[in-house]
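A, B, ... follow the sequence lines: proteins, then strands. Residue 1 opens every chain.
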Amino acid sequence: MYTYSSHPKPVEIRKYRDLPDPSQLQYGNIMYDRRVVRGNLNGQQVISKNNHSDPGMQQRQQAYRRRAIARKQAKDQLKTKTPEAIQGRQHVDVQTDSFLEELSNIIQVSEMDCQTDDFLDKPSTPLFVPAKSGVDVETQIEEGDLFDFDLEVQPVLEVLVGKTIEQSLLEVMEEEELACLRTQQRVFQELRNNELAEVQRLEEQERRYREEKERRVAQQKEVLKKEEETAEKIAARVFSHQYLAGLLPAVFTALRNHGYFYDPVEKDISVNFLPWLIAEVNNQLDKRYAAREVLDNIIYEVTQKRLLEFTHLMSGQNSCCDS
Amino acid sequence: MTTAVMDPNRAPVAFGRRAVPQLFEQLQVQDPAHKVRALTSLCDLVHEPERLYQTVTGGFLKQLQVLLQDEDAAVRSKTCELLQLVMNHSIGRSALLASSLLTPLSDLMDDPSASCRTNAHRVLSSLAQQPAGAEALLSLVHKLMLKLCQLEKVRQEKQEEEQELLLSTLTSCSRLDPLPALASDGVRVLGQTLTHTSPSIRREAAAALMALSVPADGKQQVCDQGILSNLLVLLHDRNLDVQTNTAGVIMNTVIIRPGKYLCLELGVIPVLLELLSEEEDEEQKKRRKTLVIYCLRALTALSEAPEGRVILSTALPLLERRRNEQDEDVRRAARTAIKVVTWKP
């Protein structure tokens, strides 16, 4: 609940000179009041209401202003005023009452309002049926008048069914052809597989036989080689037997011939004693020879000396004789 | 075509000669739904040989290359479908080989969308059926092997078809030249795939192994990695194709000596004899013909070894019976078998 010092009241508009009802206030919606500035006031330039570019208009405005001033002056002159204050005195406004009373014309207002019921739909306007004009005519289509459906539909159906069947026949034929091709291919593949397996088996067989043959041949060669070796061995053995058989007596004979078997006493005598004996004999003989030699030498020397002496003697004798 | 108007999934098709070019022009539009519709109509048209010829000779396949790298998965998958239909004819196949579509196709194998991958595999698989195509795909074998390893590690149901197609591509390539697949450790991966739950995958894996076991190196690897025991289990499988392919692998493997002795140890001979001795009626005979021939050849190779000969000489009457059959190939195989069994060194 609000209390006001002065009740809010709407802004009056004084559009009409005579109020239609002096007790009723004419008020307008403030939102649509031309005097109220709407919108953002920032940067809004103050446009003087007297801004007219038209010079005639300006002159007229000036004339109005002059006339207004003149009127005002005239009015002022006519207006009765209180006489001027006498010299030395002053007029002063004085309030006589102690309480101020506002003199105003309070208009008694009573409000009435009315409200319609909730959304009563406007009933739909009845159809506008123009007044009948013109002549009534009627017509009726009998059984056989229009086309006969069964007859007419036949070609259409034929085309439809024909096209569908044609397409399906094509597809079926294609599938059959494909199936045929596939079967043929399959049969061929199976035959090929068969023959391939057969070929491979035969190849394998060939290979095995060949290997077997080679192995046998190799074996045979081995055997032959072994036989040869054995024969050689046997021959060598026999020969060596033979050779060795006569070896032993030959060796003994040779040894005996070389004098490796000897009588030790005989050997000893012949080796040790006899050489010593002979050596001794030689020594003795040598001694004799030496002695003889010495003797010979002595004899020779003696003879030589004697010869010399004899010669000396002879010569001496000769010389004595001569003399 | 009235169907075009009535079917919202297909683009309208022009008349006569303009049909294919106009649809290809529509493919230039950016809207993916539009493209899918145009592709669907193209798929329908291409069944006809004349239109196919027009597509191939008009040089429209280059546009498909751009489409293969499109962002929308439906567009890519439909393009693959279209390519697969093109592959049905030899002219399409040669055109595909001549164009450079193989690289984007092989990139599509790693696509996030499953239908796209499956369709790409379909195209590759049908391309590999032709020798020239298989040759072109040989360079991709390594990548295919890696993909197979990946798929093996994560065994999921929806990838079964993809795996099957991948395996059939590998088989066709390996028939031409098994060396790249062998080099990428193919035998080990395929050995793991043999134990898969789906029979079609087992069949394809066995077929691939059969192609891989043709060179001697492959045979040696099959023996070394102990795959023969798996194969023996597969011989008892209920699916006829699986049995046939397994018999083929065994037939190839027993040609080398380690293979022979391993199989003799594992007791493969009684199983093969059992397979041969089954009574058949006429139409079953036709279907089992391949199985019978493979068994006979395997037995022939096994009887090269003396122990095998000993065992098989007791089974001579069975082989005799087979010799008197109507089919020329079976007779020949049986005759060879009997000759080898009764050979004296």
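By the neighbour-count criterion of 12 heavy atoms within 6.0 Å, atom CZ of A:Arg207 is densely surrounded, having more than that number from other residues, nucleotides or ligands. Other residues, nucleotides and ligands place more than 12 heavy atoms under 6.0 Å from the OH atom of B:Tyr261. Other residues, nucleotides and ligands place no more than 12 heavy atoms under 6.0 Å from the CD1 atom of A:Ile141. When the shell of 6.0 Å around CD of B:Glu50 is examined, it contains 12 or fewer heavy atoms from other residues, nucleotides or ligands.
Scanning for side-chain hydrogen bond (donor to acceptor under 3.5 Å, both in side chains) contacts around B:Arg335 gives an empty result, with sequence neighbours left out. Partners of A:Tyr209 according to the ring pair (Phe, Tyr, Trp, His ring centres under 6.0 Å) rule, which considers only residues two or more places apart in sequence or in another chain, are B:Trp343.
By a heavy-atom distance cut of under 4.5 Å, not one residue of residues 239-258 of chain A is near chain B. Within residues 180-204 of chain A, the residues having any heavy atom less than 4.5 Å from a heavy atom of chain B are, in residue-number order, A:Arg182, A:Gln185, A:Gln189, A:Glu190, A:Leu191, A:Arg192, A:Asn193, A:Asn194, A:Glu195, A:Leu196, A:Ala197, A:Glu198, A:Gln200, A:Arg201, A:Glu204.
Contact of B:Val254 with chain A is not made at all, since no heavy-atom distance falls under 4.5 Å. With a 4.5 angstrom heavy-atom cutoff, B:Thr336 touches chain A only via side-chain atoms. Of the two parts of A:Glu171, the backbone and the side chain both hold a non-hydrogen atom closer than 4.5 Å to a non-hydrogen atom of chain B.
Considering only heavy-atom pairs separated by less than 4.5 Å from chain A, the leading option among B:Arg332, B:Met251, B:Arg297 is B:Arg297.
Within the model, atoms CG of A:Leu170 and CD of B:Glu48 stand 5.5 Å from one another, a figure rounded to the nearest 0.5 Å. Note: B:Asp44 CG to A:Lys163 NZ = 12.0 Å, rounded to the nearest 0.5 Å. Atom-to-atom distance recorded for B:Met87:CE and A:Leu178:CG is 10.5 Å, nearest 0.5 angstrom.
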